[in-house]
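All remarks here apply to the structure that follows.
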Amino acid sequence: MDRITREAARHGRSVDEITSSRRLRRMRKADWSRRLVQETRLTVHDLIWPIFLVDGVNKREPLPAMPGVFRLSPDLAAQEARRAASLGIPAIATFPYVDLALRDQIGSHASHPDNLINRGTRAIKDAVPEIGVITDAALDPFTDHGHDGILRDGIIVNDETVDQVVAAAVAQAQAGADIIAPSDMMDGRIGAIREALDSEGFQDVAIMSYATKFSSAFYGPYREAIGTSGLLKGDKKTYYLDPANSDEAVREAEQDMLEGADMLMVKPGLPYLDIIHRLKETFAVPTFAYQVSGEFSMIKAAAANGWIDGERAMLESLLSFKRAGCDGILTYFAPDVAEILNA
Ligand code: PBG
């Protein structure tokens with residue numbers, strides 16, 4: 001098209017006439033003006049680093065589906081916690097790969113005072129008391145069927161599971177956990193954990209509810225990391241949320257708030273930005289996203305193939321959580337991001 005034809009396509013009107021001189025590109029013209037109008041920022045203070053624990057000393061086991069992520073023995077976890085704290089990362093969340101011999105049908109080892117989670121917490125807290133430690137009270141690392149609850153006749157029994165999750169939570173608080181984050185999605189767990197923590201003198205231990213945890217395909221690499229993928233029979237649809245449901249997510253979050261949750265979490269992250277936004281608008285409480293293992297692996301795999309710029313994709317995905325309303329993000333990228341943000 002020549003100039004005359006292009007102008008004709010606008011029916012002779014200039015762009016200034018069309019836009020009434022409102023040109024949104026004005027503020028995008030230079031780095032200084034883009035920085036000036038930037039609405040959302042990602043900082044190191046937004047990061048929670050999930051790490052995997054394994055028994056032993058000086059052990060660092062790579063996870064093939066999660067390049068750069070390792071299972072760490074408690075001593076090395078403490079070292080990494082020291083590094084995280086010096087990078088300014090506020091908190092660490094631990095997930096144990098439990099010896100298969102210690103797993104049973106009811107996850108009885110979950111409440112053992114010296115289980116791997118609790119030894120990890122003590123090692124981290126002894127070495128780095130200033131970092132926050134978040135522990136998951138779900139039973140899946142401890143059951144021999146990989147479910148988050150007690151399995152009886154093909155059913156995950158709710159109330160009995162709650163008792164077990166509560167016992168695990170109290171043991172975690174005794175070991176020094178600052179925040180209990182139950183990811184099992186049993187009804188009533190938040191209130192039951194709150195009551196037990198309070199009656200044991202742990203009024204200051206907070207609860208971050210995995211309030212809206214969806215039955216998702218994105219947990220695959222995590223299940224490898226904690227050794228549940230080979231064990232899991234069936235799926236978790238009778239307790240996790242249906243990815244199709246948003247109103248139900250609000251009800252779940254509301255119930256957890258009523259029972260005493262201090263913070264809400266949405267999991268997975270990027271496919272559920274609408275849920276994050278809704279929860280933040282509805283409840284106006286500290287809201288977190290878990291950028292789960294599958295989300296991490298997708299970015300890593302595409303970057304390894306040269307299909308995307310991994311660093312930019314990582315930063316953009318994390319910024320999106322902030323824009324959607326998150327106060328913070330659990331992400332396996334945490335130390336990498338912190339290094340970039342601190343540079
Ligand atoms: C289960 C649990 C899951 C994750 C953490 N705790 C999901 C599952 O295995 O069903 C997923 C975390 C991730 O994928 O990074 N209580």
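We count ligands from 1, going down the list as the structure has it; atoms in each ligand are counted the same way. Everything numeric in this text was worked out from a predicted model, so none of it was measured.
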No-hydrogen, no-angle side-chain donor-acceptor test under 3.5 Å, Tyr210 and Lys267 = no
Side chains of Ser229 and Glu224: donor-acceptor distance under 3.5 Å anywhere?
-> yes
Applying salt bridge (charged side-chain N to carboxylate O under 4.0 Å, His left out), which residue pairs with at least one partner in residues 164-174 are found, sequence neighbours left out?
-> none
Sequence neighbours left out, what pairs pass salt bridge (charged side-chain N to carboxylate O under 4.0 Å, His left out) with at least one residue falling in residues 64-86?
-> Arg60-Glu80, Glu61-Arg71, Glu80-Arg83, Arg82-Glu130, Arg83-Glu339
Output for ligand 1, non-hydrogen cut-off under 4.0 Å, lists Asp136, Ala138, Asp140, Asp148, Ser183, Lys213, Phe218, Tyr219, Tyr222, Arg223, Lys236, Tyr240, Lys267, Tyr290, Val292, Ser293, Tyr332
So, the side chain of Gln38 versus the backbone of Thr40: is there a donor-acceptor pair under 3.5 Å, distance only?
-> yes
Transitive ILVMFWY cluster of Leu72, excluding itself - 4.5 Å side-chain cut-off = Phe70, Leu76
